[in-house]
Amino acid sequence: MKKLRMITAVFAAAAILAAMPLFAASAEGYSYEIAEENDLASWRYDWNTVEIGSGKTGFESGNLKMENINQGTANYALYKTNKFNEFQLDFYANLYLPSPSDTGKDGTDYANLYLTFYIDFDDASLVENAAMAACPWTMNKGWFSVCFERIQGYSKIQFLVNETFDGHGETRYFLDKDCVTASTDWCDNKYHWFRITAQSTRTADFATSGCTYTVYIDGEKEAETFLCDRIYSNTNLAWEEVRFSEKKGYFGFWASSGYGMGMGTAETGAMADIKNLSVTSFDGGNDTPYPRSAMPVANISANNSFSPEASYETGEDIEIRLADLFEYDGEDKLTYTASYNGEPIGEIKNNYFVWNPTEEGVYDIDFTAVTADDLSAANKVRLRVVKGAAPVQPAESSDKVSEKTSKKGCGSSVSAGFSGIVLLAVFALRKKRA
Amino acid sequence: MAISLSACGTKPDSSAGVSAGKDIISISDSAIAAGYARYDVTSALKRKTEGFGAQFDTCVLDRNNKHLTDWEVYKKAVKTSNLQAVRIRFYPEMYERMNDNSDPDTFDFESPNVDFNSIEMGYLYKLLDLFEENGVRVDLSWYGCRSTFASEDGKITGSWLGGKYGENGVNNWMVQPSLTEKPAEEFAESVAACLYYLIEVKKYTCLYEYSLFPEPEGVIKDMDLYGKIAALTKEKLAGYGIADKILFSGPADYGNNAENLKNKYLSGKYPYDKVDSSVYCFHGTTSVSGVERAPSPNAAMYEFAKNHVDVCEEFGASWGVAECGTSNFITAVTNADTELYDRAITMARFLINLCNAGCTNIKYFVFGDCSYDGILNEEGLFRFARSAYSDSAIDYQAKPVWYAWSLLMRYTDIGSEVYPITVNYDDGDDEVCITAFRLPDGSWTYAAANIGGGQKKIALVNGRADRPSSMKIFRLTAASTPSGADAELKIIDKYGDADASGGVAYFTIPANGIAVLSDKE
């Protein structure tokens, strides 16, 4: 705590100020260089994305793009590689988010892009749908948001703090004086440079300790707010001392609008196209942008521990989940084949091998799995097929008993002959589990 | 095989089931084909089924959805699946736009504040007409006061009885009545008057039950208020002379604990005619994190339901499930397994195990995807119009769970007797669950699921004189589930036939598969 008694002009502040001259240029003709190795918007491996409904969030265009933004969809993208406290976020984007009143379409009059910060995961790369936390009230993970909102003919910039209150679940509220109409119309269907900075001030006094957030568009300062360190209601509905001057977390995008479900970008035009995105964390004295993460190297091989059933019967479908035949740590969809003696056999359906054998015998089936990048693996599996016999109904019995005296139970037994073997097997299995 | 009835955990049937005195065939173990596990149809449970179905809300017709909704598809889906029971989300603002008058004892049907012909009520009637035509039992469920209500005619926002969202501390979309001098009385008056109108004026007979504030702990802070409203509503229904025409059901609690249900809601505190719960505590192999896990055991499902059924029986009530799904919530309307076969087999096992324990009705949440107040609810049995998704091959594309749930609904009927088969997993195969239904028309349906990695060969013995002689076999697996453009809203094709004339139905449940046998037409 003693360290906090001094106002600490942290290194980050100096670094941010050092970068300021770059913004001195006029909006027109303003530019900013981002090295390719720092351009995260074109590197999908740094992101977790989630699409709901017809929402489309992807990198097919070469950079991060969100489309089909309406009430029935959701588009999320979270930068999953690093979390940080003080930062400078730059991106070059066309945030064309006209609201229904702009386009004359039906719907509730808003369209927006949230940037949510300090998303509180231990390791976002391990959370399958982490990106959904970019919506502040999904998962209740993100503490602070900057929202670019188009509403009633205005292009707004809003700062929001997200906390719970009064025991009634999550909420968020605008920070005072911070719902501003941008002097630069960021919703003009043109690309603009966006910069958001976070600069901490650390003191012992909650009134002055906190973090200052500033939004620039094309080099012009558009909005600024200070979020002080204080007691907030956390997502577990408990009061918690939250120091924005120190808090680290992930950041993500979430796009939404009031257009009716089914109204895609082709109809409304609404989309967010984000390029040249870099993040510089100033934590620990750093002043260089984060590099792209290494491209993951996927491996694929046969799973030799796969064990088919002891035998299959003619006339019965054999179904084998093909993912069980291979070990693959990539994310591509695999393409499978199955053949016997060089000829295709059965069919591949819903990523299962399905075959209804008609002849008994031993079949060595060759399976292959191929990735989109032409990585492949093969696995040979021996299937033993025996002749299936239709069971015979019991002969009409004269052994009729009154139902009232019946003691038939509900459990199961296995019929004579086979039963002893199976029961022993079950017993052995249970012992093993124990 | 000579396990006594008591060992099965089921009580001897003293009031229902087969007719006394009918002969049954005794089939010895030696008569069963080798390699088949024997299971027996024995005695029916005390209570018959009250319907399997789904939540089916008016929002499918509202302004957020109507430009995409093809009502003919819904009508056909209801018929095809033999939907038996639904719950409809409802609230007073749909018809009592403002307070009818200041006297909660006299509902003024002629008040300018009352509009039984509102746009929103038109949606309700369209649903009720469909359910009336198809014999579907309806739970009309007053969720509470709709603080976010915005009438489609533009005249009303918020709730006259609960407040307006964002104002005066109202921060939930559904709240308890709190305004006017007598909020409890006004709410009860509104419910009773509406039921009177629907039953006596509109002549709907499909209204089987009504419920108040489902999952009450989430809406009502003051449980005495809940009890007061429940009692007053009953009293007012009696005043209208319709108390015996509809059941009061609830609480649709989400505590997942039978003792809690008993102590908090039963014990004579609230006048339920029928008890139900919201159940989302089971799962298959899917997890939200994406890592496969062991599925909820059959025994856990059975035990959970048995505890609830036993508690309810203490109070002479049946137990059902007001809404259900799996535990794989990502958000309230998005599940990690929504599109997966894993959800289909989990929900099939859920129904089988719960029925074996005596649960009489189950409503899946929800019938079909659509926008709920601007948010796409993706928990439906089938998808919405194609344009609402990036990867739908067809409009109203069925999900795997549709094929399981529709199959189970299609081959059962309201009033079916339940013959529990797998109730003691310590003695049997814990990977297999089976139940049997004898339908009101005398036909039989066996439903089975297998979560094991290998197929299971089953000999289901039914020596009763009224046993089926031949049964259609339906099988569902991850591989065979229709997908993409093939995923139409239909019942899956028949796999084959089983001869059961000698009292034994032989069939195979595929690995991780579902099998349904039936001689119902």
Side-chain angles (χ1 to χ4, degrees), chain A residues 51-56 68 71-74 106 108 126-129 132 138 165-166 168-169 171 258 260-262 264 309 316-317 319 321 349-350 352-354 389-397 399-404 406-419 422 426, chain B residues 1-5 7-8 10 18 22-27 29-40 42 64-65 67-68 171-172 289-290 330-331 334 371 374 376 385 387-390 420-424 427-429 454 477-479 481 483 499 501-504 506 508 510-511:
Chain A
E51 303 163 335
I52 302 291
S54 63
K56 194 174 172 190
N68 299 340
Q71 289 192 47
T73 68
D106 287 339
T108 307
L126 301 178
V127 181
E128 187 166 28
N129 296 296
M132 295 179 75
T138 298
F165 80 115
D166 197 25
H168 284 284
T171 188
M261 193 162 62
E309 292 196 44
E316 284 279 354
D317 282 347
E319 296 181 356
R321 189 168 79 150
K349 200 173 175 191
N350 298 343
Y352 278 72
F353 168 67
V354 182
V392 178
Q393 287 290 314
E396 182 66 35
S397 170
D399 183 15
K400 294 182 176 178
V401 295
S402 165
E403 184 186 14
K404 288 179 178 174
S406 171
K407 290 289 184 183
K408 284 290 179 188
C410 311
S412 70
S413 68
V414 178
S415 62
F418 192 71
S419 62
V422 173
V426 169
Chain B
M1 177 72 186
I3 301 170
S4 71
L5 283 169
C8 304
T10 58
V18 296
K22 278 188 178 175
D23 287 340
I24 62 172
I25 300 168
S26 175
I27 296 170
D29 284 355
S30 61
I32 302 298
Y36 285 81
R38 173 177 179 155
Y39 293 85
D40 285 73
T42 56
N64 289 324
N65 296 289
H67 61 297
L68 296 175
N171 51 21
N172 201 348
S289 69
I330 296 173
T331 71
T334 306
S371 168
L376 181 65
S387 62
Y389 307 86
S390 60
I421 307 293
T422 50
V423 296
N424 190 340
D427 287 356
D429 183 340
T477 62
T481 303
S483 58
D499 176 14
S501 57
V504 185
Y506 291 105
T508 300

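Chain A is the first sequence line, chain B the second, and so forth, proteins listed ahead of strands; every chain is numbered from 1.
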**Prompt:** With chain A, which of S387(B), A385(B), P510(B) has the greatest number of heavy-atom pairs at distances under 4.5 Å?
**Reply:** S387(B)
**Asked** For Y352(A), which residues count as a ring pair (Phe, Tyr, Trp, His ring centres under 6.0 Å) partner, sequence neighbours excluded?
**Response** none
Kindly give the heavy-atom pair with the smallest separation between [X] and [Y], and that separation in Å.
{"X": "M261(A)", "Y": "H67(B)", "result": "O-NE2, 2.7 Å"}
{"X": "Y506(B)", "Y": "I32(B)", "result": "OH-CA, 3.5 Å"}
{"X": "I27(B)", "Y": "R38(B)", "result": "O-NH1, 2.7 Å"}

**Item:** Partner chain B: residue of D317(A), N129(A), V354(A) with the largest heavy-atom pair count (under 4.5 Å)
**Value:** D317(A)
**Asked** What option among Q393(A), E128(A), Q71(A) has the most heavy-atom pairs under 4.5 Å with chain B?
**Response**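 Most heavy-atom pairs within the cutoff with chain B belong to Q393(A).
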**Asked** Is it the backbone or the side chain of V392(A) that comes under 4.5 Å from a heavy atom of chain B, or both, or neither?
**Response**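 When you check distances to chain B, only backbone atoms of V392(A) fall under 4.5 Å.
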**Asked** Measuring heavy-atom distances to chain B, does M132(A) have an atom under 4.5 Å in its side chain, in its backbone, in both, or in neither?
**Response** side chain
**Asked** Quick one: side chain to side chain donor-acceptor pair (under 3.5 Å) partners of D106(A), sequence neighbours excluded?
**Response** none
**Prompt:** Can you say whether T334(B) sits under 4.5 Å from chain A via the side chain, the backbone, both, or neither, judging by heavy atoms?
**Reply:**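 Contact with chain A: side chain only.
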